[in-house]
Number of protein chains: 2
Amino acid sequence: MTETRWLTDREQRAWRGYVQMQSKLNALLNHQLQVDSQMSLSDFVVLVVLTDTAEEKLRVSELAAALEWEKSRVSHQVTRMERRGLVQRVECPTDGRSAFVNLTPCGRAAIEAAAPQHVETVRRVFIDQLTADELQALESITTKVLERLDAEC
Amino acid sequence: MTETRWLTDREQRAWRGYVQMQSKLNALLNHQLQVDSQMSLSDFVVLVVLTDTAEEKLRVSELAAALEWEKSRVSHQVTRMERRGLVQRVECPTDGRSAFVNLTPCGRAAIEAAAPQHVETVRRVFIDQLTADELQALESITTKVLERLDAEC
DNA sequence: CAGGTTTAGTTGACACGTCACCTAAAGCGT
DNA sequence: ACGCTTTAGGTGACGTGTCAACTAAACCTG
């Protein structure tokens, strides 16, 4: 095993900044949604995916693929959202193993009410703080890192 | 209430990229630490803070301040880490309310073993993917967003 | 079509985070 | 010394995320 290449000061600043930012940003977005719309960030992203489909319903596996979540995570999340009335499980007539997740009217109303405030928050604390160059750099960074991450797994 | 300012395509790409990156990065770092060093990312950062202090012990409140975590989060985390033998609670002789969190020899050994692999992973999937300009942009972004976030709360 | 394999999804155990609430010691003004 | 407030920390409930194990339907393949 070779010598560890510790982070330089510049790298350290960028990395620690990133870690702190992502942790606080996550906490804030969760909190904002909970307070303003009584839903979690997880609820929100699931509702976004469901809303973006023509039928407003997806199989659990399709939902998992779209979110890149483990199927068991989806299953747990759907159970909780069903309890809150946001979605409904429906058996698939053609495949006995499969289950559809349907958006309920209540779920549709919830996402429509939540989305504007959520976007507003994302803008206020993040997007609107960045210059055009920084936005471009961010896209470049995330693209490269995501490529690397996808290659890892 | 005024019209919602939805994200433009460029903003959307950057934001979605960021969200996806942070989610996968988090999962990977947690997983890597768990597999290689049998500890969570939370364990790791707590151990880092403890290791960085002269006495290798801190009050719960000092730990909370250093990590910017809620005190109850620290308390739960310390309970779990105590169970794993990484730290030990010690009553404070001068203030009956207060409690010290001491690094144990086992905790010190664990962090020393974990740190090189963790840094290696951070480099491989993140830092080493970035150009100098991107690193600079990232620092600038996180600084501004953190300022905004700190102003919010 | 019988028997093994793959696929879809669920479940349970456990770790992590947050919130609201609680206990007890310290501090403080009278 | 007396109460009142502040401060330090812990607790329990609940939502969330991961992992491993499970059930059952669907799909082979001989």
Side-chain angles (χ1 to χ4, degrees), chain A residues 22-35 37-46 57-102 153, chain B residues 22-35 37-46 57-84 86-101 153:
Chain A
Q22 74 87 17
S23 139
K24 290 190 180 187
L25 200 42
N26 231 339
L28 179 77
L29 292 180
N30 256 300
H31 191 257
Q32 177 269 320
L33 272 168
Q34 200 61 62
V35 168
S37 312
Q38 295 76 56
M39 70 173 66
S40 69
L41 193 46
S42 301
D43 291 344
F44 186 82
V45 298
V46 169
K57 72 181 174 186
L58 282 174
R59 286 196 181 76
V60 169
S61 52
E62 294 170 322
L63 208 42
L67 295 160
E68 297 188 74
W69 283 9
E70 291 185 26
K71 59 193 177 155
S72 98
R73 180 177 175 186
V74 175
S75 184
H76 283 305
Q77 183 66 33
V78 167
T79 301
R80 291 187 293 259
M81 291 176 74
E82 208 171 11
R83 207 151 54 215
R84 286 170 218 143
L86 297 171
V87 299
Q88 197 180 6
R89 273 192 177 86
V90 175
E91 283 177 15
C92 174
T94 66
D95 186 338
R97 296 167 302 179
S98 203
F100 283 111
V101 180
N102 280 38
C153 322
Chain B
Q22 72 86 19
S23 138
K24 290 190 179 185
L25 199 43
N26 230 339
L28 179 77
L29 293 180
N30 257 299
H31 190 257
Q32 177 270 319
L33 273 169
Q34 200 62 61
V35 168
S37 312
Q38 293 76 54
M39 72 172 68
S40 69
L41 193 46
S42 302
D43 291 343
F44 185 83
V45 298
V46 169
K57 72 181 176 185
L58 282 175
R59 287 198 180 75
V60 170
S61 52
E62 293 170 323
L63 208 41
L67 294 160
E68 296 189 72
W69 283 9
E70 291 186 26
K71 59 193 178 155
S72 100
R73 181 177 175 186
V74 174
S75 184
H76 282 306
Q77 183 64 34
V78 167
T79 300
R80 290 187 295 260
M81 292 176 73
E82 208 171 10
R83 207 151 55 216
R84 285 170 218 143
L86 299 171
V87 298
Q88 198 181 4
R89 274 194 177 87
V90 175
E91 283 179 16
C92 174
T94 65
D95 185 337
R97 295 166 304 179
S98 202
F100 284 112
V101 180
C153 321

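Below, chain A is the first sequence line, B the second, and so on; all start at residue 1. These values consider heavy atoms only, across backbone and side chains, with no hydrogens, waters or symmetry-generated copies.
Remark: B:R59 is not in phosphate contact with D:dT7, judged by side-chain N or O atoms under 4.0 Å from OP1 or OP2. Considering only side-chain N and O atoms, A:R80 lies nowhere under 4.0 angstrom from the phosphate OP1 or OP2 of D:dG15. OP1 and OP2 of D:dG17 both lie 4.0 Å or more from every side-chain N or O belonging to B:H31.
With DNA chain D read from its 5' end, the first of the two nearest nucleotides for A:W69 and A:P93 is the one closest to A:W69. If B:F100 and A:L41 are placed on DNA chain D by their nearest nucleotide, the residue sitting closer to the 5' end is B:F100. Comparing B:T94 and B:Q34 against DNA chain C, the residue whose closest nucleotide sits nearer the 5' end is B:Q34.
The interatomic distance linking A:F44 (CZ) with D:dT16 (C1') rounds to 18 Å, in whole Å. If you measure from atom CZ of B:R83 to atom C1' of D:dG10, you get 14 Å, rounded to the nearest angstrom. Remark: P of D:dT18 and NE2 of A:H76 are 10 Å apart, rounded to the nearest angstrom. A straight line from CD of B:Q22 to P of D:dG17 spans 11 Å, rounded to a whole angstrom. Atoms CD (B:Q32) and P (D:dT18) sit 16 Å apart, rounded to a whole Å. We find that CD of B:Q77 is positioned 13 Å from P of D:dG10, with the value rounded to whole Å. Atoms CG (A:L29) and P (D:dT16) sit 15 Å apart, rounded to a whole Å. Taking atom CG of B:N30 as the reference point, atom C1' of D:dT16 lies 13 Å away to the nearest angstrom.
Looking at B:L63 and B:L58, their side chains come closer than 4.5 Å, going by heavy atoms from C-beta outward. You'll find the side chain of B:V46 reaches within 4.5 Å of the side chain of B:M81, heavy atoms only. B:S23 is not listed as a side-chain neighbour of A:W69, based on a closest heavy-atom distance of 4.5 Å or more.
Residues satisfying the side-chain contact (heavy atoms from CB on, under 4.5 Å) test with A:N26, not counting sequence neighbours, are A:Q22, A:N30, A:L41, B:Q22. Residues that satisfy the ring-ring contact (aromatic ring centres under 6.0 Å, His included) test with B:F100, not counting sequence neighbours, are absent from this structure. For A:Q34, the side-chain contact (heavy atoms from CB on, under 4.5 Å) criterion is met by A:S40, not counting sequence neighbours.
Comparing D:dT16, D:dT11, D:dG9 against the side chain of B:S98 picks out D:dG9 as the nearest.
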Take B:R84 and B:D43 through the test side-chain contact (heavy atoms from CB on, under 4.5 Å) and record every step on the way to the result.
CA-CA 10 Å; B:R84 285 170 218 143; B:D43 291 343; 2.7 Å; yes
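Under the 3.5 Å distance criterion, the side-chain polar atoms of B:Q38 are matched with a main-chain donor or acceptor of B:V35. Proximity of a side-chain donor or acceptor of A:E62 to a complementary backbone N or O of A:R59 within less than 3.5 Å is detected.
Under the salt bridge (Lys or Arg N to Asp or Glu O under 4.0 Å) criterion, the residue pairs touching residues 69-83 of chain A are A:E82-A:R89, with sequence neighbours excluded.
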Pull out every protein N or O sitting under 3.5 Å from an N or O of nucleotides 20-25 of chain D, one pair per line with the distance.
{"from": "D:dA25", "atom 1": "O3'", "to": "A:G96", "atom 2": "N", "distance (Å)": "3.4"}

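Residue-level contact check: A:S75 touches the bases, meaning some heavy atom is under 4.0 Å from a base atom.
Chain B approaches DNA chain C over the interval C:dA15 to C:dA26, counting the first and last nucleotide 5' to 3' with an atom under 4.0 Å from its heavy atoms.
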